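Chain identifiers are assigned alphabetically (A, B, ...) following the order of the sequence lines, protein sequences preceding nucleic acid strands; residue numbering begins at 1 within each chain. Keep in mind it's a predicted model, so treat the numbers as computed, not measured.
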Protein chains: 2
Amino acid sequence: MGFGNVSERRSAPPQVGVSVVILALGPKHSQISQNSDGDVPLNKPDMNNGDRSDRSRLWLPLVRRVKQPFLGDWALPGGGLRADRSLEQSAFAALESTTALHPRYLEQLYTFGDPERSHGGLPMVSIVYWALVGQGETAGFEEGDNVRWFPEDTLPPLAFDHREIVDYALTRLRSKIEYSDVATRLLGPTFTLRQLHDVYEAIDGKLVDLANFRRKILASGMLEDTGEKTREGRQRPATIYRYASERTPRISAPYAFDGGEVNAATVERDPVDDALSALMPSRPERRRHAEHAQ
Amino acid sequence: MGFGNVSERRSAPPQVGVSVVILALGPKHSQISQNSDGDVPLNKPDMNNGDRSDRSRLWLPLVRRVKQPFLGDWALPGGGLRADRSLEQSAFAALESTTALHPRYLEQLYTFGDPERSHGGLPMVSIVYWALVGQGETAGFEEGDNVRWFPEDTLPPLAFDHREIVDYALTRLRSKIEYSDVATRLLGPTFTLRQLHDVYEAIDGKLVDLANFRRKILASGMLEDTGEKTREGRQRPATIYRYASERTPRISAPYAFDGGEVNAATVERDPVDDALSALMPSRPERRRHAEHAQ
DNA sequence: GCAAAAGTGTTTATGATACACCCATGA
DNA sequence: TCATGGGTGTATCATAAACACTTTTGC
């Protein structure tokens, strides 16, 4: 299906797709050796050891491009839209098809559509989502030659404008961590205050006073004491908390995508600050693009 | 151009368009009489009188649908995408084609794409922008039978999910006014602190202590004394300020759309808080939707 | 001088930060 | 009992809110 000529192509609508920035907490330094082609560390973040000092950097999975342009470069996982799927479902599907990960958080980031970004190919509008994956969510994940995890601060050159997109996702995460619960989504369902504290420090470089952090978080009421205590290490056991939003039942599931080993229903929009949570579980509708054809 | 059958249509990509929520400051009560069909007040907000008490509500223009579904209902201005235009340009074009308004602020709001919203017609993804129009910007604007201004709090029934979209835009405005300069974009290029104060009160219902407001705004450094004073009324003249961002020259114009009586270059993204301002004037790229086809 | 709006001062409450200190546990 | 991280107390500082007060103009 080709376009007739340049001017027809220019006035035609662009292609549309979905991409996802997936973020997870990983070790500060890779434990496995460097890779053959000189790329920076790249084993997947190990989610299951209790070693605090080594769990303090954000990692994200990228896929290698197998087509021009940017053949061989790393890019964000993505996929197409389908008329019978919500954008979130499409994002989820894109995410799943490349990484088999089940996010604990998924939110729309931004829609990129500048003609310049197409780099000579078909113009493309990308609706980008960002996702947070908790610890333990990566159990079934296998890295291949075309999918690999990278630490956020040592990314390889990325295709298209994907580098800026990643940067924007990180900016959003860093901003959102200050007034919402997103940090908890990078951990498992339960965690200690120290673990949560480490997430905060990992996300925005600077050190956070642990004593004040404790008070602030506890005062915010977003955590709930599970009644349990850690039983590791040789120190005083720490209280184990859980994110308290289970109290506030979802009005409606953000999307009905359900399957896989981890329940997709655990994926939520931010209930506090993302106004869409309140507005979006909205009612059906249809909007043909004929509004300005009065 | 029809689709073959239902399942083909379902797996096909949806249509894509752009819509805009346009907001401007208007009088609290309409000065002209009610409309024939019983709709709520609807003359366009008068931007040019100095009557404070009457300048305290948000208004927005809607267009009447001339097709099914929702024929005759009011809807957001919108239009199509073109491969050779940025999303902002498309938003600007949509805005212009229906209202001839020149916004002082334009920012992407959200992309809506739930299949349910299509109400039985062709599935539609809407990339929605919101715009703020300052006083005096509406000079050349003419209302027709198919375009009309409504006060934000007495909207008629809207087509599709446009009501939720408007609500979300208002939520974003109310949130953003607290940590950015958007409020100034609803006024003219210069204004008194009292006027700005009134905008704040108009936007989020509650009263704001004028003394504290004055200190806070002034301390934020976002305003600049023009050196001029008001010379109206029979009271002490007020200092006239201007938004101080002219100091901080734009790195690059958000988009190159230039034309019409008001310079489109005055449309800016929020320079402080919208991280995209820093990231988006980014470099070209192209992203075909083939990422997950490894 | 008086009304009306502009603009300043001052007190109080609230929250963030820094950091000293005590507690519970395993070895 | 000591090392280690868990957890609390408290003084200090910055900011927000409340509101009394002074200033400048036109009439």
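In the set D/dG7, D/dT4, D/dA16, the nucleotide with an atom closest to the side chain of B/Lys216 is D/dA16.
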Pick out the pairs of N or O atoms, protein on one side and nucleotides 19-22 of chain C on the other, that lie under 3.5 Å.
none

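Between A/Thr239 and the phosphate of D/dG7, there is a side-chain N or O to OP1/OP2 separation shorter than 4.0 Å. Note on A/Arg194: every side-chain N or O is 4.0 Å or more away from OP1 and OP2 of D/dG5. Using a 4.0 Å cut-off, some side-chain N or O of A/Arg214 falls inside it from OP1 or OP2 of D/dG7.
Two rings, from B/Tyr168 and B/Trp130, have their centers 6.0 Å or more apart.
Note that CZ of A/Phe213 is 9.0 Å distant from CG of A/Asp198, once rounded to the nearest 0.5 Å. Expressed to the nearest 0.5 Å, how far CG of A/Asp204 lies from CZ of A/Arg174 amounts to 7.0 Å. The CD atom of B/Glu107 sits 10.0 Å away from atom CG of B/Leu173, with the distance rounded to the nearest 0.5 Å.
Remark: B/Thr184 pairs with no residue by the side chain to side chain donor-acceptor pair (under 3.5 Å) rule, at least two apart or across chains. For A/Arg236, the side-chain contact (heavy atoms from CB on, under 4.5 Å) test picks out no residue, with sequence neighbours left out.
Sequence order on DNA chain C of the closest nucleotides to A/Pro237 and B/Lys229 puts B/Lys229 first from the 5' end.
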